[in-house]
Amino acid sequence: MFLSTRLKNAPPPGGRSCRSSGETAVANISVQHLVKDFSRADHGALQVIGDLTFDVRDGEFISILGPSGCGKSTFLSILAGLEQPSGGQILINEKPFRQNGNQTRLGFVFQQPRLLNWRSVRRNVILPLERSGLSLEELQTLSSRYLELVRLNGFEEYFPLQLSGGMQARVAIARALAVEPDVLLMDEPFTSLEEINARKMRAELIRIWQQTKKTIVFVTHDISEAVYLSNRLLVVTERPTRVFETLDIDVGYPRNYDDDRLFELSKKVSRIFVKMEERNGN
Amino acid sequence: MHTTLKIYSVAVLLAAWVGLSLVFSEQIIPGPIPVFEAILENLQSGEGLFHLYKTVSRVVLGLIIAMLLGSGLGLIMGLSIKGEKFFESWVMVGLTIPAVVYAIICLLWFGLNDFAAVIAIGITAFPAVAINMWQGVKDIDMQLVAMGKAFQLPTRDLIRKIVLPQTVPYVLAATRYALGISWKIATTVELIGMSSGVGYMLHYWFGLFSMTQVFAWTLTFIFVLLFIEYVLINPFEKRATAWRPVVQV
């Protein structure tokens with residue numbers, strides 16, 4: 001609809017000066033026996049992630065679904081290089097990801113928008129790009145393109161606190177996309193929105209994903225959200241986080257919330273959750 | 001609307017002053033006209049400007065010392081829990097000691113000179129700066145810093161673009177607070193032990209029982225402080241906090 005027509009008119013992405021021509025944007029992620037312990041002063045170590053192993057294929061939309069307060073966010077932090085794993089490793093294109101290593105570009109959308117309130121919407125979007133060697137004009141075009149993609153054209157010079165929560169969430173998505181990441185990491189980005197807005201945002205995310213062909217790792221505790229969005233769904237356990245079950249979702253896009261197949265899948269996932277709970281309880 | 005309100009408030013103050021000056025004698029409350037005449041006279045004579053300059057320069061130097069010391073200590077206390085526990089009581093003690101004590105001690109230690117005055121101002125004002133900076137550092141949103149790291153911003157960008165802007169309101173508050181304290185302690189030091197500056201002039205006219213001149217010098221200094229507030233600090237604050245939506249109740 002709206003977005004696809006916009007995108008056809010937009011200049012093709014990938015004209016970025018900082019990526020060398022031989023490099024491909026393929027991103028295969030391999031999580032191998034990942035373990036994360038938090039040491040606590042009084043209770044000994046707390047294992048948040050325990051032996052997490054799975055692969056993400058290039059261009060895939062994978063959801064990690066688990067109860068609130070399990071190690072999902074911690075996993076994304078490790079993937080983004082913000083925290084060190086206690087064991088195991090994460091490989092991106094067979095290489096471990098390093099902060100400022102410049103091999104793989106990551107875009108991160110957090111649970112809260114995490115915008116800099118003293119910067120305009122546009123300057124928030126270009127924040128991660130200010131050291132990329134792009135000219136001011138290129139930054140303008142790039143930020144305009146992605147703000148248009150999240151339907152915020154006309155709001156470039158607003159400050160975040162002048163926008164609604166949903167609009168702030170979209171600025172955060174534009175910021176992550178403007179990096180033109182190989183992998184987009186999303187940590188429950190829509191939980192702060194009410195359902196109507198969240199549905200709109202999910203539909204837009206799917207459209208953006210189909211247009212840009214990014215690999216997306218999406219963390220959520222919302223079953224129907226995970227089923228609606230993803231190609232593949234990992235149900236993970238509460239602390240320590242492990243893969244409990246993997247589900248492929250072979251329903252074409254764009255999807256409909258009323259689709260019976262999605263509804264059946266949601267019920268199935270709910271049953272998996274119940275099974276998981278029972279096992280935990282015993 | 002707000003400007004008219006401000007004009008009204010000044011007008012009411014002036015009217016009250018005129019009214020009171022009509023009731024009381026010139027030795028108790030001199031009227032605005034003789035006071036403003038005295039101010040002009042003081043400023044036209046080079047000597048008046050000299051005393052004003054002396055006080056302002058002492059205040060500015062003392063303020064710089066207070067900001068440097070206070071920011072350093074506030075940073076240590078905000079960044080390290082050990083530092084916080086260690087220095088907390090020092091800062092509290094520093095705050096409770098009356099300013100005049102610092103003035104007397106510095107004058108006895110360093111003699112009746114500018115150095116003593118500047119040190120006294122710096123030491124008196126710096127605990128207040130330290131407290132503001134300490135709070136400012138503690139209130140830095142680490143989630144924003146994590147955001148910057150996730151987008152692979154280099155450390156100097158994290159500090160310049162994410163950390164420092166968050167401390168601006170606290171730096172402004174600290175500057176204001178320190179400025180208020182500095183000029184009070186400056187006049188005290190000058191009154192006790194200096195032979196120049198506004199405090200000295202106040203002392204001199206106190207000796208001659210000239211209420212008109214006491215009022216004149218006080219007002220002169222109020223004008224200087226208002227100038228600093230509205231011409232230097234306020235415009236900067238407006239620019240730095242333009243992103244904040246206006247609160248209306």
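Naming: A, B, ... by sequence-line order, numbering from 1 per chain.
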Any Lys/Arg nitrogen of A:Glu60 or A:Lys214 sitting under 4.0 Å from an Asp/Glu carboxylate oxygen of the other? no
Salt-bridge present (B:Lys54, B:Asp114; N to O < 4.0 Å): yes
Are A:Glu188 and A:Thr220 linked by a side-chain donor-acceptor pair shorter than 3.5 Å? no
Heavy atoms under 4.5 Å from chain B: which residues of residues 108-124 of chain A carry them? A:Phe108, A:Phe110, A:Gln112, A:Arg114, A:Leu115, A:Leu116, A:Asn117, A:Trp118, A:Arg119
Under the side chain to side chain donor-acceptor pair (under 3.5 Å) test, residues paired with B:Glu190 that sit two or more places apart: B:Thr55, B:Arg58
So, using side chain to side chain donor-acceptor pair (under 3.5 Å) as the criterion, who are the partners of A:Ser135 when residues are at least two apart? A:Glu138
With sequence neighbours excluded, residues passing ring pair (Phe, Tyr, Trp, His ring centres under 6.0 Å) with B:Phe221: B:Trp183
State, yes or no, whether a side-chain contact exists between A:Phe218 and A:Leu205 at a heavy-atom distance under 4.5 Å. yes
Shorter than 4.5 Å, heavy atoms on both sides: which option in A:Ala176, A:Ser77, A:Pro160 has the most such pairs with chain B? A:Ala176
Side chain, backbone, both or neither: which part of A:Ala172 has a non-hydrogen atom closer than 4.5 Å to chain B? neither
Option in B:Asp157, B:Ile162, B:Asp141, B:Val168 with maximal non-hydrogen atom pairs under 4.5 Å from chain A: B:Asp157
